[in-house]
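Letters A, B, ... mirror the listed sequences (proteins, then strands); counts begin at 1.
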Amino acid sequence: MARANDEIAALFREYADLISITGGDAFRARVYEKAARAIGGHHTDVSTLDAKGLKEIPGVGRSIAEKVEEYLASGGVAAVEELRARIPAGVRRLTAIPSLGPRKALMLYEELGISSVDELADAIHEERLRDLKGFGPRTEENLLHGIDLLRSAGGRVHIDVAAELAEEVVAALSEVGGVQRCAYAGSLRRGRETIGDIDVLVAARTSGPVTKAFTELPYVTEVIGSGEKKTSVRTDRGLSVDLRVVPKDSWGAAMLYFTGSKAHNIKIRERAVHQKLKLSEYGLFDAESGKKIVSRTEEDVYARLGLPWIAPTLREDRGEIEAGLDGGLPEPVTEADLRGDLHTHTDLTDGLAALEDMVAAATERGYAYYAITDHAPDLYMQRMTDERMLAQREQVRALKPSRGMRLLHGVELNIGPDGGVDWPDDFLADFDLCVASVHSHFTQDRETLTRRLVRACENPYVNIIGHPTTRLIGKRPGIDADLDEVFAACARTGTALEINAHPDRLDLGDEHILRARRHGVRFAIDSDAHAVPHLAHMRYGVATAQRGWLTKDDVINTWTLTRLKRFLRKGRA
DNA sequence: GCCGTTTTCGGCCCGACTGTTTTCAGTCG
């Protein structure tokens, strides 16, 4: 079951949409969206808070706190039910169609009784929209096209897919004559785990040549819109790309603006307004005279607003602006800080590359240490045996990697349904480190799953809980355990939580990291590489760790080998 | 409906593009 926070966040998002659709006060709708975000991201389970505690959540005042309490007590909120009774769920669904917003959705419902995507498609084909004010032939076309897009459900893609496309676009546009700077911004620059579209920013004196080159890129399938400053296209990768062209002098303000997030932007703009300034993608201006003050770099803009430069991965309005003001902004861990990888596989189990090849690739990455952690026997299909594992250990001990890199012989244990692992203590004692992960029985009840993970933490030889929630982004939800109890057990027992860097997992994710961090847990950012190219996934794990506000000191594989080994002893005699 | 380094009332981020309009509303990010 989801946390009450998530259920209430979804409810308030729906309420905000319903307010917009019914033509309610736009500011009120925004307040509920804001409260939904704040509650969804709040570290404490709201069902444990009283009215006072609720009102300490930013954006939650008396009325919203009362609605939260009403929901917790009765499972519903009367004000939301009332709007639900007036507006069928299908009308809200209509606003998912690109180019169709709340105003037109309401008009379609009130004038024509349309309350589903299918009904809208029929109405367009029957030419019933022709008499509606504001609906011309192009609008009909756009709606039909939007319905196609919605039905083919492009949706969001994993970060690695977006990064690859963005880097291709940036490389191509950087070659165009007159392009002075080119970079991607948006949620990709912020390192979000999934990406809805790509924002590319170009600094150039004129936009003509770069816009033409952009719309003619081989993977562009459709030009959605194109003007002097902004052009949007769809690509054959299922992603749209927006191009913005700005003068070079505006680069910093534009990067800031197009990196977002929306909530971060709103907050710094509010801050600008309070200082009698106006912030746009073109710069920071004096509100009265309209005179430009700064715009060249992000640092300049932040500094004029009294803030240090804030890393893009932190720009989610999760307290980074307040922290920047009082000097409490963390210095985020970087990929360069990593001294090693503590969870990797070889072809002895389900990896694709031989031990020597994985090790050689790891030395190329400049690591000081590197752990081989193939699967243990309880994953039967991996055909692991004691003998095979011991033979691998001999092989590892005999290898002399270049550049002085040290090898650790470890294992990825399977956490069984009762929390036990593959081998008894005396066999485990001879590994340099043990990762332990859940690979099956995902649907046990919450109490069993919680006990199972806590018991694994309490094993004196388990150093790292691998991909702790076992989610697969977009495919499988995480297991339903009491994660706060698991995080507390990790902190108590000296067990690290993994941030699995594989773009399909990114597990723990940013919000869980933020919660775990409050328990004083340590983390390991691991590639879980099953092949040489997977070693490079680390960048996504690092971005996720940054989004969880982790510093170098929080992450055990940034430590020296001496310090790491002390941690791996886990307080054993 | 929230909130306060002008405020307990009156604000609430800003601009580009499209389509249907003769001056602007809606949508998007």
Worksheet entry | Side-chain donor or acceptor of A:N265 paired with backbone N/O of A:Y257 under 3.5 Å |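 Checking the backbone N and O of A:Y257 against the side chain of A:N265, a donor-acceptor pair under 3.5 Å is found.
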Looking for any heavy atom pair under 4.0 Å, which part of the strands does [X] touch: base, sugar-phosphate only, or nothing?
| X | answer |
| --- | --- |
| A:R62 | sugar-phosphate |
| A:L279 | sugar-phosphate |
| A:I97 | sugar-phosphate |
| A:S226 | sugar-phosphate |

Practice prompt. Could you check A:I64 against A:F27 and say which one's nearest nucleotide on DNA chain B is further toward the 5' end?
Written response: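 Here A:I64 is the residue nearer the 5' end.
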Worksheet item: Closer to the 5' end of DNA chain B via nearest nucleotide, is it A:G101 or A:E281?
Response: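 Nearest nucleotide further toward 5': that of A:E281.
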From C-beta outward on [X], which listed nucleotide comes closest to its side chain: [options]?
| X | options | answer |
| --- | --- | --- |
| A:S280 | B:dG1, B:dC13, B:dG15 | B:dG15 |
| A:D197 | B:dG29, B:dC12, B:dG19 | B:dG29 |
| A:P137 | B:dC12, B:dT6, B:dT20 | B:dT20 |
| A:R138 | B:dG1, B:dG19, B:dC17 | B:dG19 |
| A:K67 | B:dG1, B:dG19, B:dA16 | B:dG1 |
| A:S63 | B:dG15, B:dG19, B:dC2 | B:dC2 |
| A:K104 | B:dC17, B:dG19, B:dG26 | B:dG26 |
| A:H274 | B:dG29, B:dT7, B:dG15 | B:dT7 |
| A:R28 | B:dC13, B:dC14, B:dG1 | B:dG1 |
| A:V273 | B:dC14, B:dC2, B:dG29 | B:dC14 |

If I pick the [atom1] atom on [M] and the same atom on [N], what distance separates them, to the nearest angstrom?
| N | M | atom1 | answer |
| --- | --- | --- | --- |
| B:dA16 | B:dC9 | C1' | 33 Å |
| B:dT8 | B:dC12 | C1' | 16 Å |
| B:dT20 | B:dC28 | P | 15 Å |
| B:dT5 | B:dG1 | P | 23 Å |
| B:dC2 | B:dT6 | P | 23 Å |
| B:dC3 | B:dC13 | P | 14 Å |

N or O in side chain of [X] less than 4.0 angstrom from [N] OP1/OP2:
| X | N | result |
| --- | --- | --- |
| A:Y282 | B:dC13 | no |
| A:N142 | B:dG19 | yes |
| A:R271 | B:dT5 | no |
| A:T139 | B:dT20 | yes |
| A:K262 | B:dG29 | no |

d([atom1], [X]; [atom2], [N]) in whole Å:
| X | N | atom1 | atom2 | value |
| --- | --- | --- | --- | --- |
| A:N265 | B:dC28 | CG | C1' | 14 Å |
| A:D25 | B:dC3 | CG | P | 15 Å |
| A:L106 | B:dT27 | CG | P | 10 Å |
| A:L54 | B:dC2 | CG | C1' | 15 Å |
| A:K133 | B:dG26 | NZ | P | 8 Å |
| A:K230 | B:dC28 | NZ | P | 10 Å |
| A:E228 | B:dG15 | CD | C1' | 14 Å |
| A:D242 | B:dC28 | CG | P | 12 Å |

Worksheet item: Is A:R515 paired with A:D484 through a side-chain N to carboxylate O contact shorter than 4.0 Å?
Response: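 A:R515 and A:D484: salt-bridged.
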Worksheet entry | CG-CD1 distance between A:L279 and A:I266, expressed to the nearest 0.5 angstrom |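 Rounded to the nearest 0.5 Å, the CG-CD1 separation comes to 12.0 Å.
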Item to complete: Please work out which of the three classes, parallel, tilted or perpendicular, describes the rings of A:H537 and A:Y540, given edges at 30° and 60°.
Response: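 The rings of A:Y540 and A:H537 sit tilted, inter-plane angle from 30° to 60°.
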Worksheet item: Is A:K276 side chain donor-acceptor paired with the B:dT6 base, going by distance under 3.5 Å alone?
Response: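 Present.
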Fill in: Quiz item: A:Y257 side-chain donor-acceptor pair to B:dG29 base, under 3.5 Å
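Looking at the base of B:dG29, it does pair with a donor or acceptor on the side chain of A:Y257 (distance under 3.5 Å).
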Worksheet item: In terms of side-chain heavy atoms, does A:D510 have a donor or acceptor partner in A:T544 at a distance below 3.5 Å?
Response: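 No, A:T544 and A:D510 have no side-chain donor paired with an acceptor closer than 3.5 Å.
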Worksheet item: Do A:K67 and A:Y32 have side-chain N/O donor and acceptor atoms under 3.5 Å apart?
Response: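 A:Y32 and A:K67 do have a side-chain donor-acceptor pair below 3.5 Å.
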Discussion item. Ring of A:Y219, cation from A:R237 - is the NZ or CZ under 6.0 Å from the centre and inside 45° of the axis?
Written reply: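 Satisfied, under 6.0 Å and within 45°.
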Item to complete: Sort out the partner of B:dG19 for me: Watson-Crick or G-U wobble, both distances under 3.5 Å, none otherwise.
Response: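 When the pairing criteria are applied, B:dC24 turns out to be the nucleotide that pairs with B:dG19.
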Worksheet entry | Criterion salt bridge (charged side-chain N to carboxylate O under 4.0 Å, His left out) against A:E316, the qualifying member of A:R37, A:K262, A:R547, A:K267 |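 So, applying the salt bridge (charged side-chain N to carboxylate O under 4.0 Å, His left out) to A:E316 and each of A:R37, A:K262, A:R547, A:K267, only A:R547 qualifies.
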